[in-house]
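Notes follow the structure.
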Amino acid sequence: MHEKIVILGAGESGVGAAILAKKQGYEVFVSDGGKIAEKFKDELSANQVQFEEGQHDETRILSATEVVKSPGIPEKAPVVQAIRAAGIPVISEIEFAFRFIGNSKVVAITGSNGKTTTTSLIYHICKHAGLDCAVVGNIGFSFARQVAEEPKEWYIAEISSFQLDDISSFRPDVAVLTNITED
C-alpha cells in the first residue's frame, strides 16, 4: 500500500514538499484553495504530481494518511478542521523535510525580528568556512525542495513561528532564537 500524502497549499513550501514526497515514493495530491502560480503548476506537472486549485476536494483530502499544511493556511479553515476531526496527522513542510536529511545537520533560526539577517550571516560564515551548505526556509528554496533536489551536509534554515506549529520530531542541531516581541 502506498502512503497517500496531501499537501495543502501550492506555494514554494507546498511544491517543494510535493517534489520530495514524489521522490520518496508517496502517492501525492496537492490542493490549493486559491490560484496556483503558473511556474508551480509547471513544476507539479513535470514531476507528475496531481493537483487542484480554487477548491479543496474534501473526499480526496480526507483519504490521506498524512497532510502537509502550508503555514499560510489558518487553523480555522474548514478543510483543516475537517482533517483534524478525521484524526489525520497534520505536519509542516519543515517536519516533512527533516525526515529525509539523513546525517545532515540543521541550524534553525527563529524569533520575531532579525531572522533573515541572522540566517544570512550564519550561511555566509558556513559557506566561507568551506561547509557544504544551503540557506532554506523563508529565504532561499523551501527546506523540502533543497532536500529533494540538491541535498547538503548543512541546512541553514530561517523558520517562522507558523512553520513550527505542526512539528513533532524536528530537532535542529543548532537553534538560534533571535528575540521575541509581541505580535
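We're numbering straight along the sequence, starting at 1. Treat the numbers as computed from the prediction; the structure is a model and nothing was measured.
- Atom CD of E3 sits about 7.5 Å away from atom CD1 of I5, to the nearest 0.5 Å.
- In this structure the side chain of I91 never reaches within 4.5 angstrom of the side chain of I167, judged on heavy atoms.
- Using a 4.5 Å heavy-atom threshold, the side chains of F141 and V135 count as separate.
- No donor-acceptor contact under 3.5 angstrom links the side chains of S70 and E93, judged on distance only.
- The closest side-chain heavy-atom distance from V176 to T118 is below 4.5 Å.
- Transitive grouping of hydrophobic side chains (ILVMFWY, heavy atoms separated by less than 4.5 Å) keeps V6 and I94 in distinct clusters.
- In terms of hydrophobic clustering, with Ile, Leu, Val, Met, Phe, Trp and Tyr side chains grouped at heavy-atom distances under 4.5 Å, L164 and V80 are assigned to different clusters.
- Closest heavy-atom contact between V68 and S92: CG1-C, 3.9 Å.
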* **Full working for side-chain contact (heavy atoms from CB on, under 4.5 Å) between L20 and F143** => CA-CA 10 Å; L20 179 59; F143 189 14; over 6 Å; no
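- Residue pairs that meet the salt bridge (Lys or Arg N to Asp or Glu O under 4.0 Å) test with at least one member in residues 112-135, sequence neighbours left out, are D132-K152.
- A donor-acceptor pair under 3.5 Å is formed between the side chain of Q81 and the backbone N or O of E75.
- One hydrophobic cluster holds both I156 and V174 under the rule that ILVMFWY side chains link at heavy-atom gaps under 4.5 Å.
- Hydrophobic clustering (ILVMFWY, side-chain heavy atoms < 4.5 Å, transitive): I139 and V107 are in one cluster.
- A salt bridge links R145 with E43; the closest basic N to acidic carboxylate O contact falls under 4.0 Å.
- Taking OG of S13 as the reference point, atom CG of N138 lies at 9.0 Å (rounded to 0.5 Å).
- A salt bridge links R84 to D166: at least one charged side-chain nitrogen sits closer than 4.0 Å to a carboxylate oxygen.
- Taken from NE2 in H124 to SG in C133, the straight-line distance is 11.0 Å, to the nearest 0.5 Å.
- With N47 contributing its side chain and I19 its backbone, the two residues share no donor-acceptor pair below 3.5 Å.
- Checked by atom type and distance alone, the side chain of E149 never pairs as donor or acceptor with a backbone atom of Q146 at under 3.5 Å.
- In this structure, the side chains of K22 and Q48 come closer than 4.5 Å at one or more pairs of heavy atoms.
- Taken to the nearest 0.5 Å, the CD1 atom of I109 stands 3.5 Å off from the OG1 atom of T119.
- Between the side chain of Q50 and the main chain of F29, no donor-acceptor pair closer than 3.5 Å is present.
- By the side-chain contact (heavy atoms from CB on, under 4.5 Å) test, D165 pairs with F162, sequence neighbours left out.
- Figure legend: R171 and F98 shown without cation-pi pairing, the cationic atom not lying both under 6.0 angstrom from the six-membered ring centre and within 45 degrees of its axis.
- Distance check: W154 CH2 to I122 CD1 gives 10.5 Å after rounding to the nearest 0.5 Å.
- One N or O on the side chain of E95 and one on the backbone of S169 form a donor-acceptor pair closer than 3.5 Å.
- Heavy-atom minimum distance, A18 versus L44: CB-CD2, 3.8 Å.
- A 4.5 Å side-chain heavy-atom check between L8 and V67 finds at least one atom pair inside the cut-off.
- Residues F40 and V28 are members of one and the same hydrophobic cluster, defined by side-chain heavy-atom contacts under 4.5 angstrom among Ile, Leu, Val, Met, Phe, Trp and Tyr.
- Taken to the nearest 0.5 Å, the OH atom of Y123 stands 8.5 Å off from the NE2 atom of H128.
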* **Chi angles and distances behind the side-chain contact (heavy atoms from CB on, under 4.5 Å) call for I7, V15** => CA-CA 8 Å; I7 295 157; V15 173; over 6 Å; no
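- Side-chain atoms of S104 come within 3.5 Å of backbone N or O of I101 as a donor-acceptor pair.
- Judged by distance alone, the side chains of S31 and E52 do bring a donor and an acceptor atom under 3.5 Å apart.
- More than 12 non-hydrogen atoms from other residues, nucleotides or ligands lie less than 6.0 angstrom from CZ of F100.
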* To do: Apply side-chain contact (heavy atoms from CB on, under 4.5 Å) to E158 and V136, showing your working.
  => CA-CA 6 Å; E158 177 185 321; V136 297; over 6 Å; no
* To do: Would you sort out whether Y26 and K4 count as a side-chain contact (heavy atoms from CB on, under 4.5 Å), showing the intermediate values?
  => CA-CA 6 Å; Y26 287 82; K4 291 182 182 178; over 6 Å; no
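- In summary, E53 and K41 engage in a salt bridge, as defined by a charged side-chain N under 4.0 Å from a carboxylate O.
- Side-chain N or O atoms of T110 include one that pairs as donor or acceptor with a backbone N or O of I159 at under 3.5 Å.
- In this structure, F96 and A17 approach most closely via the heavy-atom pair CE2-O, 3.7 Å.
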